[in-house]
Amino acid sequence: MSSRLIGVGVGPGDPELVTVKGVNALREADVVVVPVMDTGERGRAEATVVHYVPEEKVVRVVFALNERSDRGRREAAWDAAGARVAELLRAHDAVAFATIGDPNVYSTFTYLAQTIAELVPGTVVRTVPGITAMQDLAARSGAVLTEGTEPLTLVPVTAGAIVLKEALAGPGTVVAYKFGRQAHEVAEALRETGRIEGAVWGSSLGLAEESIRPAADLDGAPLPYLSTLIAPARREGGRGGKL
């Protein structure tokens, strides 16, 4: 029997937003891997997982989650993390990997799965979807993501402010991820494109330190890295105007 690697989306932070399927996958796995930074602090995925499985079942594996400038160091960290998970797969039938949000949306799991395919050929890889930060922020703020024929564009601001401006110039709703360190550029892009009114920002959703504010209130000061922005589409014409 081939070992199984299951990427489980555990949502943006609120433990109540893990799906029933996700909880079952975590509990049925022999071990649950959680990604941590080399600082040793408990990450958001781990904090969520321990609500559903005993801590002795959780294996912390260091990933270069915050390494963006040194490619060599990042690659070495990914290789080391992949080797550790490969060891677990050789010893167990089912290994779950818990990731915040969804395992197929800007997730470390993507890189891990590619590494495991080379290290442990024949491993069965599957994913369990999770609630994303944009869905949670939309629910908590009352922002409507899409109506009718509107497109929805998701932009990681780590790709640059120009990519964000191009998206904001379009007709649909724009969601921005990973922009805490570039909060000033994001605020400028919203104002330049006339999209700041109605836009909303949030971080630490579902946690004690949760913050949700109108984007117009942002002063350009740095924000938490895992910040989410929703700039709803311009909507005119009343109910059903975009059908």
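Heavy-atom basis, side chains included; hydrogens, waters and symmetry copies ignored. For the single chain, residues carry numbers from 1 onward in sequence order.
No donor-acceptor distance shorter than 3.5 angstrom exists from the side chain of T110 to the backbone of Y106, with no hydrogens or angles considered. Distance alone, capped at 3.5 Å, is enough to place a donor-acceptor pair between the D30 side chain and the D93 backbone. A donor-acceptor contact shorter than 3.5 Å is absent between the side chain of R44 and the backbone of G13. Here the side chain of S2 pairs a donor or acceptor atom with the backbone of G122 at under 3.5 angstrom. One N or O on the side chain of E150 and one on the backbone of E147 form a donor-acceptor pair closer than 3.5 Å. Not one N or O on the side chain of T127 forms a donor-acceptor pair closer than 3.5 Å with the backbone of P129.
A side-chain donor from one of T99 and S107 sits under 3.5 Å from a side-chain acceptor of the other. No side-chain donor from either of T132 and D102 sits under 3.5 Å from a side-chain acceptor of the other. With no hydrogens or angles considered, a side-chain donor-acceptor pair links S227 and W201 at under 3.5 Å.
Considering every non-hydrogen atom in both T153 and A167, the closest pair reads CG2-CB, 3.9 Å. Across every non-hydrogen atom of R195 and T173, the tightest pair is NH2-CA, 4.2 Å. In plain terms, the two heavy atoms of I196 and A187 that are nearest each other are CD1-O, 4.3 Å. Listed here is the closest heavy atom pair of G130 and Q135: O-OE1, 4.2 Å. The two residues P12 and D136 come nearest to each other via the heavy atoms CG-OD2, 3.3 Å. Between P232 and A199, the shortest heavy-atom contact is CD-CA, 3.9 Å.
H184 NE2 to L218 CG: the interatomic distance, rounded to the nearest 0.5 Å, is 12.0 Å. Here CZ of R213 is found 9.0 Å from OG of S203. Values are rounded to the nearest 0.5 Å. L168 contributes atom CG, which lies 4.0 Å from atom OG1 of T193 (distance to the nearest 0.5 angstrom). Atoms CZ and CZ, from R4 and R126 in turn, are 6.0 Å apart once rounded to the nearest 0.5 Å. One distance of note links CZ of F179 with CD of E185; it measures 11.5 Å at 0.5 Å rounding. Within the model, atoms CZ of R84 and CG of L112 stand 12.5 Å from one another, a figure rounded to the nearest 0.5 Å.
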* Asked: Can you check side chain to side chain contact (heavy atoms under 4.5 Å, CB included) on V128 and I6, steps first, answer last?
  -> CA-CA 7 Å; V128 178; I6 308 104; 3.9 Å; yes

* Asked: Going through the distances and angles, do V61 and V34 end up as a side chain to side chain contact (heavy atoms under 4.5 Å, CB included)?
  -> CA-CA 6 Å; V61 175; V34 293; over 6 Å; no

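Every side-chain contact (heavy atoms from CB on, under 4.5 Å) that T123 has, sequence neighbours left out, goes to L5, L89, I116, V120, V125.
In the hydrophobic clustering of this structure, I230 does not group with L226; members are Ile, Leu, Val, Met, Phe, Trp, Tyr whose side-chain heavy atoms approach within less than 4.5 Å, directly or through other members. By the rule that hydrophobic residues join a cluster once side-chain heavy atoms approach within less than 4.5 Å of another member, V157 and L229 end up as members of one cluster. Transitive grouping of hydrophobic side chains (ILVMFWY, heavy atoms separated by less than 4.5 Å) keeps V163 and V105 in distinct clusters. A single hydrophobic cluster is seen to contain both F109 and V59, as judged by linkage of ILVMFWY side chains at heavy-atom distances under 4.5 Å, directly or through other members. Put simply, L145 and I212 are part of the same group of oily side chains (I, L, V, M, F, W, Y) that touch within less than 4.5 Å, one to the next.
A salt bridge links D14 to R140: at least one charged side-chain nitrogen sits closer than 4.0 Å to a carboxylate oxygen. Salt bridge absent: E55 and R60 never bring a charged side-chain N and a carboxylate O closer than 4.0 Å.
Annotation: F63 is in aromatic contact with F97 [ring centroid separation under 6.0 Å].
More than 12 heavy-atom neighbours from other residues, nucleotides or ligands sit within 6.0 angstrom of CD on E210.
Counting only heavy atoms from C-beta outward, the side chains of S204 and S211 never approach each other to under 4.5 Å.
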Return all side-chain donor-acceptor pairs below 3.5 angstrom for residues 16-29, not counting sequence neighbours, or 'none' if the list is empty.
from, atom 1, to, atom 2, distance (Å)
T19, OG1, G22, N, 2.9
N24, ND2, V20, O, 3.4
R27, NE, Y52, O, 3.2

